[in-house]
K.L.:
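Could you have a look at this structure, given as structure tokens, before my questions?
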There are 2 protein chains.
Amino acid sequence: MKKASLKDIAAMTGTSITTVSLVLNGRAKQMRISDEVAEMIVKTADEAGYVPNQMAVRLRTGKSKLIGIIVDTISGNFFSTLAPIVEQSLAPYGYRIIYAATENEPERTRQVIQMLREQAVEGYILMPHNGMRKELDRLLQDEKPVVLLDMNFEDLELPVVRVDGEQSIIKLVHQLVQKGYQRIGMVTSDHPHAQLQYRLSGYEQGLIELGMPLKKTYIHTVAMKKSREAQLKALSTWLQQKNRPDCVIFSANYLGVLGVEVLQRLGWNMPNDLGMVVFDDQDLFRLYPGGISVIEQPTAQMAESAANLLLQGLGIKKGGRKLEYILPGKTVLRGST
Amino acid sequence: MKKASLKDIAAMTGTSITTVSLVLNGRAKQMRISDEVAEMIVKTADEAGYVPNQMAVRLRTGKSKLIGIIVDTISGNFFSTLAPIVEQSLAPYGYRIIYAATENEPERTRQVIQMLREQAVEGYILMPHNGMRKELDRLLQDEKPVVLLDMNFEDLELPVVRVDGEQSIIKLVHQLVQKGYQRIGMVTSDHPHAQLQYRLSGYEQGLIELGMPLKKTYIHTVAMKKSREAQLKALSTWLQQKNRPDCVIFSANYLGVLGVEVLQRLGWNMPNDLGMVVFDDQDLFRLYPGGISVIEQPTAQMAESAANLLLQGLGIKKGGRKLEYILPGKTVLRGST
DNA sequence: CTGAAAGCGCTTACAG
DNA sequence: CTGAAAGCGCTTACAG
């Protein structure tokens, strides 16, 4: 059965498409359409399984009621907790969400943005990185509200919500040193995620504040393009260097998983053989025997804040003129330190 | 800057919208439009940042180039590995994906399906459960291709791809008994996911085949609506029942996580105090010291098969007339058994 | 080689 | 109380 249109319903009920449209949009009372007619139209439409053709509605009204969320990848904890929350925050206002992943590839990023512009989305929540500045500028030309996740461009003055990775790590470094660790290392990656920069700089800042040496050899960068096996090997070698770190901060979730795997291969125990902290929590760290210390990201809060900022940008919610939400990470010390 | 339309570009180049449309759709050569004109149009459109209004294109052509994927929840491993793969499989054909989560709520399910129908999506991949039969029927009326995930409705003859939960568990039960376990239990949930039924029936079938007693008290059903704490308590009590199971099969990922947490609270070790196997793998089980045995789901394969079936349904790929992909789960025995 | 015109399915002034 | 008509931005026969 083909989908019924307004015209069909009008024909079936012996009325005009104007009347049908009015009734189906709940404006029957307002337009003083007789109850009898209205009722019949509703019933007929329902039976025919009528749904308005959104393409036509949007074309006509110029509103797509669509929000685009652009993240680097959709596989991962961050996205999967973020998405439902944003969705629920926007649903009451009739907004729907389209997700798109850049996979950190410039070409894909271009496509994704082009695609969202074609859909005429009315606003964006996006996690940018330095490499996509040009694409972002293009997008900004449309003058649609944009909320940034995790990083800002200084010259842009866009609303942003992010975790304060820098402060979180600075504080962590202090705590670790207080616990007696002398040679704190950091594992980061060459993933273009801006937060990794904040975190690294927090690590350096923390050591500087404490007057501790900042050794290049204590920073290991995982090459994301390499095979998992190669990543594990490199990390393992690094961990076994002469005068090796006695505690390592893993700058992201997936790096921590890598770390656990390497420790296991080496047969090392935490915290005896090595102290360990990971940025971002997950089941593995929470339930690993003894527990692995983490800095918790307030992802849910980020999602809510982002949704709020966007709603403000859309002119739906009146907000304070607060443009930046910098949320604190929460250190959860468990058995691994 | 407002978005430029065909008309704008036509005005800017002193041509007609027909010509602009033709050129921008790559039909300049075919229509023998002069290179000079074509070039100018392309350049102008590019500078103006022109993107076609998809609302108009779709309304006109009747094609949305949109595929809907309906799952129960988007937070979770299954979805986050499924989605990117399906996306990549369909992208070469110009199809885009819209995700929607039912959260297992009938009302939400209705909304979601309505929403997708409004978008005029051209095909669906969906993970149904018995409770949504009515909504599914409504959707089927549109006569768009639908590929089912995880379960089929016997009277419907829709293409389906699923893991053979039943056989996987039957085999597992045999293996466990061979290992010497005498009192195998199962933890399932009241989540309406069809696979849970298959798995439970595999458990029962396995025991029957081996002539072992099938005790109701050895099956524990987690109440999804309850608080996490309540779930943990109930599971803990059940595990400590008199003549308690010596090995438990956790019917899903999230149930296994619950299991690990309870064992930890009880201070029990695997496999000494209790054997444990989980349906579906994840970092926690893989890297838990000693390892936790699992049945691996071939999620990537499922995604590919589903995408393929859909492509066939859309008439884009010629496939065999294979309507059912039942993929085997893979038992990975680790230290917990 | 290029343009005028119809029509996709809606919404919404405007008329009666 | 209800309908005829314009127009959203496209694509695509059809004409010239």
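Note on naming: letters A, B, ... go to the chains in the order of the sequence lines (proteins, then strands), and numbering restarts at 1 for each one. Just so you know, these numbers use all the heavy atoms, side chains as well, and skip hydrogens, waters and symmetry mates.
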K.L.:
Kindly indicate whether the side chain of A:S16 and the base of D:dA4 share any N or O donor-acceptor pair separated by less than 3.5 Å?
P.N.:
no

K.L.:
Without decimals, in angstroms, what is the distance between A:K7 NZ and D:dG3 P?
P.N.:
16 Å

K.L.:
Choosing from D:dT2, C:dG3, D:dT12, which nucleotide comes nearest the side chain of A:T19?
P.N.:
D:dT2

K.L.:
Given D:dG9, D:dT12, C:dG9, which nucleotide is nearest the side-chain atoms of B:S5?
P.N.:
D:dG9

K.L.:
Think A:S21 has a side-chain N or O under 4.0 angstrom from the OP1 or OP2 of C:dT11?
P.N.:
yes

K.L.:
Quick one: is C:dT11 close enough that its OP1 or OP2 comes under 4.0 Å of any side-chain N or O from A:R27?
P.N.:
no

K.L.:
Please report the distance, rounded to the nearest Å, between CG in A:L59 and P in C:dT12.
P.N.:
13 Å

K.L.:
For B:L24 and D:dT12, give me the distance from atom CG to atom P, rounded to whole Å.
P.N.:
14 Å

K.L.:
Between B:S34 and C:dT2, is there a side-chain N or O to OP1/OP2 distance below 4.0 Å?
P.N.:
yes

K.L.:
How close or far is atom P of D:dT2 from atom CD1 of A:I17, stated in whole angstroms?
P.N.:
16 Å

K.L.:
Measure across A:Y93 and A:K317 and return the closest heavy-atom pair with its distance rounded to 0.1 Å.
P.N.:
OH-CE, 3.6 Å

K.L.:
Would you mind classifying the nucleic acid contact of A:T18 as base, sugar-phosphate or nothing, using non-hydrogen atoms under 4.0 angstrom?
P.N.:
base

K.L.:
Between A:L327 and A:P298, what is the shortest heavy-atom contact and its length?
P.N.:
CB-CG, 3.8 Å

K.L.:
Closest-nucleotide mapping onto DNA chain D: is A:G14 or B:L6 further toward the 5' terminus? I mean the 5' end.
P.N.:
A:G14

K.L.:
Find which nucleotide of DNA chain C each of A:P52 and B:T15 is nearest to by heavy atoms, and output the residue with the more 5' nucleotide.
P.N.:
B:T15

K.L.:
If every non-hydrogen atom of B:L126 is compared with every non-hydrogen atom of B:V146, which pair is closest and at what distance?
P.N.:
CD2-CG1, 4.3 Å

K.L.:
Using whole Å, report how far NZ of B:K63 lies from P of C:dG7.
P.N.:
21 Å

K.L.:
Is the phosphate of D:dC10, meaning OP1 or OP2, less than 4.0 Å from a side-chain N or O of B:Y50?
P.N.:
yes

K.L.:
Give none if D:dA13 has no partner; otherwise give the nucleotide forming a Watson-Crick or G-U wobble pair with it, both distances under 3.5 Å.
P.N.:
none

K.L.:
Of all heavy-atom pairs between B:V86 and B:I97, which one has the smallest distance, and what is that distance?
P.N.:
CG1-CD1, 3.6 Å

K.L.:
How close or far is atom C1' of C:dC8 from atom CZ of B:R60, stated in whole angstroms?
P.N.:
6 Å

K.L.:
Rounding to an integer number of Å, can you tell me how far B:N25 CG sits from D:dG9 C1'?
P.N.:
13 Å

K.L.:
Of the options D:dT2, D:dT12, D:dG9, whose atoms approach the side-chain atoms of B:A56 most closely?
P.N.:
D:dG9

K.L.:
State, without any angle test, whether A:S16 and A:T19 hold a side-chain donor-acceptor pair at a distance under 3.5 Å.
P.N.:
yes

K.L.:
Quickly work out the B:M40 CE to C:dT2 C1' distance and round it to whole Å.
P.N.:
12 Å

